[in-house]
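Okay, structure first, notes after.
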Amino acid sequence: MSDANTVVVLDFETTGLSPDYGDRAIEIGAVRIENGKIVERFQKLMNPGQRISRFIEDYTGITNAMLKDAPPCREVMNEFADFIEDFNLVAYNASFDKRFLDAELKKISRVYTGQFVCSMLMARRIYQHAPNHKLGTLVKYVNIPGEGPFHRALYDSEMTAQLWLAMLNNISDQYDIKSLTFSLTQKLAKTPKNNVEKLLLSVLSEVQGDLQ
DNA sequence: TGCCAGGCCCTCTTTAGGGCCTT
């Protein structure tokens, strides 16, 4: 059942950067947020049918031994397609995760109808003075508590979810906007950096107009 | 210690190049 206040925040670990060059997903992690709270979690390793490189083992902590007995991508992605239903989706650097989601679902002839928003593009606008816009840097910058392993799918999706909620709270507090629609966050992610304030003020005036 | 890609975004720009992000 789709809900305007529900989003699924997801993160893939993969064998590399490009599904068009044969890279596959090796882990999916996701959390579902309803009304500002994480209400459900999903995490599964999956066997990509190929050995992963030493670099990926070191980068993620996921080893070939761990993937040996994991279920195949088609089985896990089928479960994950059920998990995301038709909710809207959030990912950090969403263009990356969207490519893998599209590629893996295409292999099992599944589709999703939700829309994506990129939390990194939002963060580049909300936290313009951060040292950089890597996920780990922003988690520290915003003082989000957590000591889990970065570069694992569930932990990264949890941190992305907390960052997402922090950004929504930041905007709500600063501009006295009670709730941000998903379409507004999409607009925000595409707004030129020097126009973010203008966009939010225009939204505020619309909201106030609605209340009058 | 990344390589492969691709979207975004800035600038010494738009008939382009390169850094930032993701694994």
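Lettering follows sequence order; numbering is per chain, from 1.
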* Salt-bridge contact A/Glu13-A/Arg152 (side-chain N to carboxylate O under 4.0 Å) ->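 No, A/Glu13 and A/Arg152 are not salt-bridged.
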
* Asked: A/Ala189 or A/Arg54: which one's nearest nucleotide on DNA chain B is closer to the 5' end?
  -> A/Arg54

* Asked: When the nearest nucleotide of DNA chain B is assigned to A/Asp20 and to A/Asp58 on a heavy-atom basis, which residue is associated with the more 5' position?
  -> A/Asp58

* CZ/A/Phe150 to CE/A/Met159 distance, rounded to the nearest 0.5 angstrom? -> 6.5 Å

* Asked: How are the rings of A/Trp164 and A/Phe182 set relative to one another: parallel (under 30°), tilted (30 to 60°) or perpendicular (over 60°)?
  -> tilted

* To do: Can you label the angle between the A/Phe83 ring and the A/Phe42 ring as parallel, tilted or perpendicular, going by 30° and 60°?
  => tilted

When you measure from the side chain of [X], which nucleotide among [options] comes out closest?
X        : options               : value
A/Ser95  : B/dA5, B/dG2, B/dG7   : B/dG7
A/Asn132 : B/dG2, B/dC21, B/dG7  : B/dC21
A/Leu17  : B/dC21, B/dT1, B/dT22 : B/dT22
A/Ser18  : B/dC10, B/dA5, B/dC8  : B/dA5
A/Arg124 : B/dG7, B/dT22, B/dG6  : B/dG7

Atom [atom1] of [X] to atom [atom2] of [N]: distance rounded to whole Å?
X        : N      : atom1 : atom2 : value
A/Phe96  : B/dC8  : CZ    : P     : 16 Å
A/Tyr155 : B/dT23 : OH    : C1'   : 18 Å
A/Phe116 : B/dC21 : CZ    : P     : 20 Å
A/Arg99  : B/dG7  : CZ    : P     : 7 Å
A/Tyr21  : B/dG2  : OH    : C1'   : 17 Å
A/Leu188 : B/dC8  : CG    : P     : 15 Å
A/Asn93  : B/dA5  : CG    : C1'   : 11 Å
A/Phe150 : B/dT22 : CZ    : P     : 10 Å

Counting the atoms with a prime plus P, OP1 and OP2 as sugar-phosphate, which does [X] contact under 4.0 Å by heavy atoms, base, sugar-phosphate, or nothing?
X        : result
A/Asp11  : sugar-phosphate
A/Phe100 : nothing
A/Leu121 : sugar-phosphate
A/Thr15  : nothing

Below 4.0 angstrom from OP1 or OP2 of [N], is there any side-chain N or O of [X]?
X        : N      : result
A/Lys134 : B/dT22 : no
A/Tyr92  : B/dT22 : no
A/His133 : B/dC20 : no

Gap in Å between the two [atom1] atoms, one belonging to [N] and one to [M], rounded:
N      : M      : atom1 : result
B/dG6  : B/dT1  : P     : 26 Å
B/dG18 : B/dT23 : P     : 25 Å
B/dT22 : B/dC4  : C1'   : 14 Å
B/dG17 : B/dT13 : P     : 12 Å
B/dC12 : B/dC20 : P     : 16 Å
B/dG2  : B/dC8  : C1'   : 22 Å

* To do: Using atom types as modelled and distance alone, determine if a side-chain donor or acceptor of A/Asn88 lies under 3.5 Å from a backbone N or O of A/Gln115.
  =>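 Yes: the side chain of A/Asn88 pairs with the backbone of A/Gln115.
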
* Is there side-chain contact between A/Gln162 and A/Val139, with at least one heavy-atom pair below 4.5 Å? -> no

* Asked: Would you say the side chains of A/Tyr92 and A/Asp97 form a donor-acceptor pair under 3.5 Å?
  -> no

